[in-house]
Each structure stands twice: as C-alpha cells, then as structure tokens.
Amino acid sequence: MSTDQQPSRIQSEVRRRRTFAIISHPDAGKTTLTEKLLLFSGAIQIAGSVKARKASRHATSDWMEIEKQRGISVASSVMQMEYRDCVINLLDTPGHQDFSEDTYRVLTAVDAALMVIDAANGVEPQTRRLLQVCRARNTPILTFVNKMDREVQEPLALMDEIERELGMTVVPFTWPVGMGKHFHGVMDLRQQRMRVFSPGEDRVAGTEEVLEGLDNPAYAERFGMEYENAQGEIELVNEAAPAFDLQAFLSGSQTPMFFGSAVNNFGVQEVLDALVELAPPPAERAAMQRVVQPEEPKFSGVVFKIQANMDPAHRDRIAFLRVASGHFSRGMRLKVVRSGKELRPNTVVSFLSQRRELLDEAFAGDIIGIPNHGVLQLGDTITEGEALQYTGLPFFAPEMFRSVEVADPLKTKQLREGLRQLGEEGAIQVFRPEAGSVLLLGAVGQLQFEVVAHRLEHEYGVKARVTAARYNVARWVTCDEADGGERELRRFIDHNAHRVAWDAVNAPTVLLEYAGELRAMQENWPKIKFHALREHAGLVFQKQMDA
C-alpha cells in the first residue's frame with residue numbers, strides 16, 4: 001500500500017509517538033533513570049549499574065568503551081520502546097558540560113524533555129544551560145527530583161529554587177514523605193494515594209505497597225513526624241501552587257514535578273505514565289521553504305547525530321535521523337537534498353542503545369539509524385524528492401584548541417581518516433589549516449580531547465600526540481553577494497592564510513589568539529561577517545567556495 005493511500009494510518013501512528021530527551025547536570029542520576037524507564041516499560045529485564053565499572057553489566061545506554069571505564073556518559077544514545085500503546089523514542093544525553101554541543105543537537109530532535117535534578121544539589125550550572133536551550137525552543141519539560149533517599153534539601157526549598165532559577169512555574173504531581181534515612185515514600189497528589197518506599201533491585205518487583213487516600217489514619221501511625229511535616233507541606237502546596245495547565249506545560253512555561261529515587265526503582269512508574277499522558281506527539285517542523293506537518297504522506301527527516309564505530313568490528317557509521325513527516329519503509333528511494341544523491345537504505349535500524357533491530361517502517365517522531373560511509377552529514381535533510389532544508393542544528397565556535405600529530409608517521413593516513421570521521425560526527429571540530437599540515441582540534445571542553453585521543457587509539461589504532469595550540473578564538477567567515485561574495489571572501493582568506501582553516505564541511509574559519517584581534521579584524525574587513533555559531537550551513541559555505 002502506498003503512503004498516499006494510508007493517511008489515516010500515518011495519523012494514528014504519529015499520535016502514538018512520544019520523543020523526548022533526558023537532561024541533567026553530571027551525576028544527577030540521568031543515565032540510571034534512563035535504565036529504569038527501560039526496565040519499567042519492559043524493554044529490558046535487568047538493569048545495568050552505572051557505577052559498577054568493573055562489573056560485567058554496564059548501563060544499556062553507555063556503550064562506548066571509555067564510558068564503561070569511567071562510569072560516565074560522553075555520547076548521546078537512542079532507545080526505542082513501547083509502553084501503554086505508545087512508541088517512546090528516548091534520547092539519553094551526555095551530562096558532562098564538555099559535551100554540551102551533542103546535547104544541544106539532540107534537543108533539536110525531540111518534542112519534550114525530562115529534567116533530572118539532584119535533590120541534594122538543586123539546580124546546577126549545566127541544568128541552567130540546557131534549560132536555556134529548551135526554553136528557546138519552547139520544549140515542554142517534566143521534572144524528576146532524584147535521590148530522595150539521601151540527605152537532601154527540603155522539598156519546598158527545591159520547588160522554590162526551580163521556579164526562581166529556571167523561570168518556570170512548578171506543579172507538584174507527587175510529594176515526598178520524609179527524606180534521607182527517613183524517606184518513607186511519595187504521595188500522589190492527583191490519585192490521592194501514597195506509594196510506600198522500599199529499596200529496589202535491578203528488576204521490577206511488582207509488589208509495591210500503595211495506601212489509598214490523602215487522610216488515611218495509617219499514615220500518622222506508621223510514619224509519625226515525617227508524615228505530619230509532609231501533610232503540612234502538601235496543604236501549603238495545594239493552596240499556593242497553580243493548577244496544572246496543559247497548554248502552559250506544552251509551551252514550556254510550566255513543569256510537573258515528581259520525587260523519587262531512580263537507583264531504587266522508586267518514582268519511575270509515575271514519570272513514565274506522565275510522559276505518555278502529557279508529552280505531545282510530533283509537531284510541525286519549519287524548513288527554509290515551508291512548514292512541514294508530521295501527518296503528511298511524503299517522508300522527510302533530518303540527521304541530528306552521526307556516530308562512528310558503534311560496532312568496532314565493522315567500522316560502521318550510523319546517521320541518526322529524526323523522521324519529521326510521513327512514512328518510511330525499507331528500500332524506498334530517498335534523496336539527500338544537500339548533495340542530490342539518491343539513497344535506497346535496506347539496513348535501517350532502530351536502537352536499544354548498542355543493540356539494534358532491522359527496521360521495516362517508521363513514522364514521524366521516530367529516530368532511525370542509517371548506516372553510511374560519509375554520504376550523510378550532520379544537518380542533512382532527506383526527502384522523497386522535495387527540496388526541503390530543515391534548520392536549527394547548531395554548531396558553536398570552539399573555545400579550546402589543540403594541535404594533533406601522529407606518533408608513527410606511517411599512520412598519518414589513519415590519523416586523517418579517523419579525525420575526518422570524528423569531525424563529521426561532531427564529537428570534536430577538526431580544522432585543516434590553509435597554510436601548514438598540522439591538523440587542529442577545537443572543542444568546548446578538555447574532556448573532548450581526551451575522548452578523541454582514546455578513540456583514535458582504540459578504534460583506529462593510531463596513537464596521537466595532542467599538544468597545546470596558540471589559538472583561543474574561532475569565527476566562521478562569510479560574505480554576502482552584495483559585498484563581493486566569493487571574490488571578497490577569497491581575498492580575505494589569501495590575506496590571512498596563516499590563521500585560516502577549514503572545518504569538516506569545508507567552511508572557512510579564522511583562528512585567533514585574542515578577542516582584541518577579532519575586533520581589529522572586524523574593523524579592517526567590514527564586508528566579512530564573523531559567526532560564533534553556525535547552523536548546518538555546508539550548503540551556504542560550499543556554494544561560496546566551490547568557485
């Protein structure tokens with residue numbers, strides 16, 4: 001059956017989709033919560049421990065060797081599962097601030113976000129940065145306050161801090177009874193019942209104790225002073241907090257708040273239920289040419305992530321694509337709008353982190369993986385033929401730079417190939433100087449350089465020397481046609497060849513030591529535009545430079 005003959009099926013499948021990212025500051029328990037959501041949905045039967053680095057089990061969402069060694073997440077991972085007749089596409093983002101670029105790009109591919117907050121530390125710097133991105137896109141946000149079984153801040157203080165720091169109205173859906181060693185459970189304020197806390201295992205027990213009613217006399221008998229304190233707070237919250245407003249939530253100005261302990265399986269069920277009930281299905285998406293509706297019959301999608309060597313034995317490269325509209329079926333003819341090349345992918349996959357399944361079809365909202373060897377780049381739009389270009393995939397000017405050389409000159413080719421692939425991934429920015437042969441790496445944080453050196457050695461067999469470079473400022477450069485376009489840009493590059501380099505999509509970049517140099521250069525070259533951020537603009541830059 002052609003997609004043109006089944007609009008009603010596309011509509012019903014799109015309505016079933018929920019696509020969201022989990023975001024947090026490092027060590028708030030984000031990857032643990034991801035694992036437990038998979039557990040409660042039935043996608044996995046036993047949860048891996050993020051902290052047990054030497055154990056045989058690792059978190060399902062941490063697949064890279066360095067993640068298993070350090071017990072951290074440094075790459076986004078994608079998981080799909082079904083729960084309550086909904087198809088959930090869950091993206092676990094790196095918590096470490098050095099990998100914020102990857103996280104920002106992931107946030108362009110989702111319809112909602114689940115924010116995890118450490119109940120002891122409250123709102124932390126990385127949380128603020130990620131929330132700024134979500135707020136800029138009006139992304140709906142659910143909040144999970146984690147680690148309530150530890151010594152933590154008072155829940156009213158946490159609620160006030162979230163509202164003050166993040167500029168969002170908070171509506172508690174659950175409320176804790178006690179905390180730390182005296183954490184007894186959470187009261188479900190909507191269902192008017194209490195789920196009693198007991199430390200969990202790595203499996204779902206299915207025998208949790210639930211007490212009905214807000215004023216059940218059993219609470220005071222069993223939980224004493226902790227319940228009396230919680231009862232007073234609940235009364236205050238019920239009077240002072242606004243009612244939940246679905247439209248305010250969908251516009252990103254109001255967030256439902258849940259309390260729990262992910263490592264103990266506690267509070268996870270409520271969050272999972274809220275995600276399928278409250279998070280929106282896929283919405284329309286703006287392309288440069290027009291606004292595209294998810295229920296349209298024709299397929300379109302955008303590449304928001306590329307990962308090399310998910311299967312080191314096969315040197316594979318997977319392009320992660322968010323389906324924006326229509327219906328994908330295996331083997332269909334597709335067009336890469338940037339290059340005009342045709343694709344007929346027959347080995348498209350869905351993910352449970354590193355475990356993959358061959359995919360026969362997908363719908364708007366789904367995240368699919370297309371194996372390829374350099375045909376697809378970050379930000380590429382793929383369609384059934386229409387010339388669309390989706391926008392909004394950000395690249396940020398690096399703040400740190402390193403020179404990279406190969407320890408063994410016989411492996412120069414492997415070094416360049418490895419860096420080319422890692423650069424196209426967006427794991428790091430790789431620059432080829434206009435003058436000189438030593439490649440430059442640009443990053444937001446130090447850990448990115450360590451990860452690249454580790455991956456070069458373990459995935460490409462290249463031991464690299466990564467040394468300090470003198471640059472501290474980078475700007476992409478363009479010139480409008482009205483100001484001389486290609487000729488003026490070429491004149492600028494020739495004049496500044498000693499500090500111009502080319503990035504992974506052949507976009508010209510000027511590298512400087514001091515911010516003062518940039519100001520002087522802007523005055524001396526008024527027709528040249530200097531960009532601290534670019535979207536996927538290979539089209540724009542290559543169009544200017546092809547001549």
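Residues take their numbers from the sequence shown, with the count starting at 1.
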field: Test side chain to side chain contact (heavy atoms under 4.5 Å, CB included) applied to N121 and H25, step by step
entry: CA-CA 10 Å; N121 299 327; H25 192 82; over 6 Å; no

task: Not counting sequence neighbours, which residues clear side-chain hydrogen bond (donor to acceptor under 3.5 Å, both in side chains) with E165? List them please.
output: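 With sequence neighbours excluded, E165 shows a side-chain hydrogen bond (donor to acceptor under 3.5 Å, both in side chains) to R128, given in chain and number order.
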
Any donor-acceptor pair under 3.5 Å from [X] side chain to [Y] backbone:
| X | Y | result |
| --- | --- | --- |
| K36 | A262 | yes |
| H458 | H454 | yes |
| D503 | N506 | yes |

query: Can K463 and D408 be said to form a salt bridge (Lys or Arg N to Asp or Glu O under 4.0 Å), step by step?
result: CA-CA 7 Å; K463 217 170 176 58; D408 179 358; over 6 Å; no

task: Using the side chain to side chain contact (heavy atoms under 4.5 Å, CB included) rule, take T143 and I117 through it: C-alpha gap first, then chi angles, then the decisive distance, then the call.
output: CA-CA 7 Å; T143 300; I117 288 181; 4.1 Å; yes

query: Has R285 got its NZ or CZ under 6.0 Å from the middle of the six-membered ring of Y390, at an angle within 45 degrees of the ring axis?
result: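 Positive - R285 is close enough to the ring of Y390 and near enough to its axis.
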
message: Run the side chain to side chain contact (heavy atoms under 4.5 Å, CB included) test on L376 and I382 for me, step by step, so that the C-alpha distance in whole Å, both residues' side-chain angles and the decisive distance to 0.1 Å come before the verdict.
response: CA-CA 9 Å; L376 296 174; I382 300 176; 3.6 Å; yes

query: Are E481 and R487 within salt-bridge range, i.e. N to O under 4.0 Å?
result: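 Salt bridge absent between E481 and R487.
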
field: Taking every non-hydrogen atom, the tightest pair across A397 and W476
entry: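 Minimum heavy-atom contact is N-CZ3, 3.5 Å.
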
task: Using the six-membered ring wherever Trp is involved, compare the ring planes of F401 and F431 and label them parallel, tilted or perpendicular (cut-offs 30° and 60°).
output: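 The arrangement is tilted - the two ring planes meet at 30° to 60°.
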
